[in-house]
Structures are given as C-alpha cells and as structure tokens.
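Each chain gets a letter, A, B and so on, in the order its sequence line appears, and its residues count up from 1. FYI, side chains are in, hydrogens and waters are out, and symmetry mates aren't considered; it's all heavy atoms of this structure. Being a predicted model, the structure only gives us computed values, none of them experimental.
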Amino acid sequence: MKISSKRFPHAFFRQSSTIVAKDILGAYVHRVLDGKELIGKIVETEAYCVGDEACHAYRGKTPRNAVMFGEGGFSYIYFTYGMHHCFNIAANEEGVAEAVLVRAIEPVKGVETMRSLRPKGILDRELTNGPGKLCQALSLTRNENAIDLIESDMLFLTQAAKPIPANHIGVSTRIGIHVAQEHPWRFFIKENDYVSRGKPSVPSKPVAARRRK
DNA sequence: TGTGCGATCCACT
DNA sequence: GTGGATCGCACAC
C-alpha cells in the first residue's frame with residue numbers, strides 16, 4: 001500500500017467538522033513511539049459541531065475541551081468511562097469549537113507494536129476498530145492532547161494517496177450518544193473490515209434523551 | 001467538596 | 001444481547 005507523506009495544509013482544518021470528517025477518510029495517522037513509527041489509515045469518523053448537544057463544547061469552554069476552541073488541526077484526546085481514551089481532531093476556525101472523532105483506523109505499519117499494546121489473541125481487525133481500541137493500539141493518552149497534527153513529528157496526519165470516491169463513503173447517525181441522535185454525521189469507508197460495528201444507517205426510531213439507569 | 005455520569009469495551013449468557 | 005468495570009470532569013451545593 002502506498003503511503004503519502006504529504007501533510008495537510010492548515011486551511012484544511014479550518015473547514016467545518018462535517019467536511020473534515022468526510023475528507024479525512026483514507027488519510028494516515030502517524031504515531032512515533034520509542035523510535036518506531038505506527039501508521040493507520042482512517043476508515044471511520046464522526047463530526048461534532050457547533051450547537052450540537054452531543055458535542056463536548058456544547059456547554060462552553062472548559063479546561064478539558066479548550067483545544068476544540070483553538071485553531072483546527074490539533075489533537076483533542078479525552079478520557080472516558082474510567083478506562084478509555086478517544087482521539088479527536090479539532091476542526092474549524094479558532095473560536096469555533098468543532099471536532100472530528102476518529103472512530104477506527106486500518107493498521108498499515110507497526111502492526112506488531114499495536115498487537116503488543118492490545119490484549120493478546122485478538123484478530124487484527126479488532127486492533128483498532130473502535131475509538132478506545134485505536135487509542136490503546138497507538139498508545140494515545142491525555143499526554144498526547146493538544147498536539148499540532150500538522151507540525152508534530154510524534155503524532156501527525158498525512159493525506160490519502162488517492163481521495164476516497166464519494167460512492168465508497170458510507171454515512172450514518174453517530175454511535176454511543178444519547179442526545180442529538182438525528183444527525184447523520186458519522187462517515188466510514190464502505191466494506192472496510194476495520195470499521196467498527198455500528199447501528200444501521202437510519203435510526204430505527206427517534207429516542208428521547210435517554211438516561212442510563 | 002461531593003456527586004453523578006459518560007463520543008466504550010469486553011466477558012458472559 | 002446485556003451488564004459491569006472504573007475514574008476524570010462538570011456542575012450543584
């Protein structure tokens with residue numbers, strides 16, 4: 001597989017998160033760990049927008065989500081459920097808090113290292129087919145929060161060798177959220193084994209803001 | 001300072 | 001398909 005070494009221009013991340021989420025499919029995430037380079041192809045994303053109740057920035061700026069309010073192109077990594085990290089990319093103009101959640105990548109390089117970071121005995125396609133899983137496989141934690149994904153040599157993105165044709169991109173509602181479920185802001189590469197399993201493309205029925213237990 | 005919940009994962013049924 | 005694990009963060013008091 002051909003891996004492009006072309007980084008994104010800053011202007012790319014000044015676009016709306018829904019555009020960035022779609023256009024970043026097929027791009028590569030590079031993670032340098034102990035001198036070894038781990039590379040994964042982005043195959044699934046979700047957009048979190050201004051005025052979106054499911055977005056962490058919906059309630060305003062806090063120390064945790066401050067990166068989302070900054071210039072696009074920076075990593076926003078947060079810890080959730082007491083045990084998982086999620087890797088986001090801040091998008092849009094400075095002051096406009098939007099982000100793209102990277103939900104799944106396809107391991108391209110450094111697969112052995114990724115295996116060593118994940119539980120033993122799992123299938124290769126289970127290494128990175130979920131937000132928490134890919135953070136574990138790439139050893140991404142809050143230490144990697146607020147990194148410039150354009151300039152950094154430790155964690156950065158490069159463009160897809162070829163753009164993904166529009167008819168190869170699937171769209172659905174987002175996964176794992178309990179509010180603003182109607183927005184079709186999840187994007188993925190169709191028929192890619194590394195896409196996380198999810199719900200169908202159309203919500204079965206509108207669900208009122210559901211509270212767990 | 002205390003309390004409740006969450007953009008998940010995985011073992012178990 | 002279901003439920004438990006587990007802790008940082010936001011928000012109420």
Exercise. Write out all pairs satisfying side-chain hydrogen bond (donor to acceptor under 3.5 Å, both in side chains) with one or both partners inside residues 86-101 of chain A, taking only residues at least two apart or from two chains.
Key: A/Ser17-A/Glu98, A/Asn92-A/Glu98
Self-check item: Rounded distance in Å - CD1 (A/Ile177) to C1' (B/dC5)
Solution: 16 Å
Exercise. Quick one: the dot-bracket string of DNA chain C, using Watson-Crick and G-U wobble pairs with both distances under 3.5 Å, [ ] for crossing pairs and | for bases paired to another strand.
Key: |||||.||||||.
Self-check item: Atom pair distance, as rounded to whole Å: OH in A/Tyr81 and P in C/dG3
Solution: 15 Å
Practice problem: Establish, from distance only, whether the side-chain atoms of A/Glu144 and A/Thr141 form a donor-acceptor pair under 3.5 Å. | Solution: yes
Quiz item: Under 3.5 Å, side chain of A/Ser152 to main-chain N/O of A/Ile147, donor-acceptor pair present?
Solution: no
Quiz item: For residues A/His30 and A/Thr158, is any side-chain donor paired with an opposing acceptor at under 3.5 Å?
Solution: yes
Quiz item: To the nearest 0.5 Å, what is the distance between OH (A/Tyr28) and CG (A/Leu38)?
Solution: 15.5 Å
Under 3.5 Å, which protein N or O atoms sit close to an N or O of nucleotides 1-3 of chain B? Give each pair with its distance.
none

Check nucleotides 9-13 of chain B for protein N or O atoms closer than 3.5 Å to its own N or O atoms and list the pairs.
| residue | atom | partner | partner atom | Å |
| --- | --- | --- | --- | --- |
| B/dC9 | OP1 | A/Pro131 | N | 3.1 |
| B/dC9 | OP1 | A/Gly132 | N | 2.7 |
| B/dC9 | OP1 | A/Lys133 | N | 3.2 |
| B/dC9 | O4' | A/His84 | NE2 | 2.9 |
| B/dC10 | OP1 | A/Arg118 | NH1 | 3.2 |
| B/dC10 | OP1 | A/Arg118 | NH2 | 3.4 |

Quiz item: With a distance cut-off below 6.0 Å to the six-membered ring centre and an angular limit of 45° from the axis, does A/Arg14 pair with A/Phe12 as a cation-pi contact?
Solution: no
Pairs under 3.5 angstrom, nitrogen or oxygen only, protein versus nucleotides 10-13 of chain C, please.
| residue | atom | partner | partner atom | Å |
| --- | --- | --- | --- | --- |
| C/dA10 | OP1 | A/Thr62 | OG1 | 2.3 |

Practice problem: Assess the side chains of A/Ser196 and A/Glu44: does a donor N or O sit below 3.5 Å from an acceptor N or O? | Solution: yes
Quiz item: Taking all non-hydrogen atoms of both residues, which atom of A/Tyr194 and which atom of A/Ala104 are closest, and how far apart?
Solution: O-CB, 3.3 Å
Practice problem: Calculate the interatomic distance between A/His178 atom NE2 and B/dA7 atom C1'; express it in whole Å. | Solution: 9 Å
Quiz prompt | Interatomic distance where CD1 belongs to A/Ile77 and C1' belongs to C/dC7 [whole Å] | solution = 18 Å
Practice problem: Write down the distance between NE2 (A/His183) and C1' (B/dA7), rounded to a whole number of angstrom. | Solution: 14 Å
Quiz item: Separation of A/Leu140 atom CG from B/dT8 atom C1', in whole Å?
Solution: 16 Å
Exercise. Answer yes if the side chains of A/Lys133 and A/Asn129 hold a donor-acceptor pair under 3.5 Å, and no otherwise.
Key: yes
Practice problem: Rounded to the nearest 0.5 Å, what's the gap from CZ on A/Phe13 to CD1 on A/Ile150? Could you check? | Solution: 5.5 Å
Quiz item: Got a sec, which residues hit ring-ring contact (aromatic ring centres under 6.0 Å, His included) with A/Phe74, two or more places apart in sequence or on another chain?
Solution: none
Practice problem: Ignoring backbone atoms, establish whether A/Arg186 has a side-chain N or O less than 4.0 Å from OP1 or OP2 of B/dA7. | Solution: no
Practice problem: Write down the distance between OH (A/Tyr78) and P (C/dC9), rounded to a whole number of angstrom. | Solution: 13 Å
Self-check item: Spacing between A/Tyr76 atom OH and C/dC9 atom P, to the nearest angstrom
Solution: 9 Å
Practice problem: Mark this stacking check for A/Tyr48 against B/dA7 as yes or no, applying ring centres under 5.5 Å and ring planes under 30°. | Solution: yes
Quiz item: Do you know which two heavy atoms are closest between A/Lys41 and A/Gly26, and how far apart they sit?
Solution: CG-O, 3.5 Å
Quiz prompt | N-O pairing of A/Arg174 and A/Asp52 below 4.0 Å | solution = yes
Quiz prompt | A/His56 and A/Tyr78 aromatic centres sub-6.0 Å | solution = yes
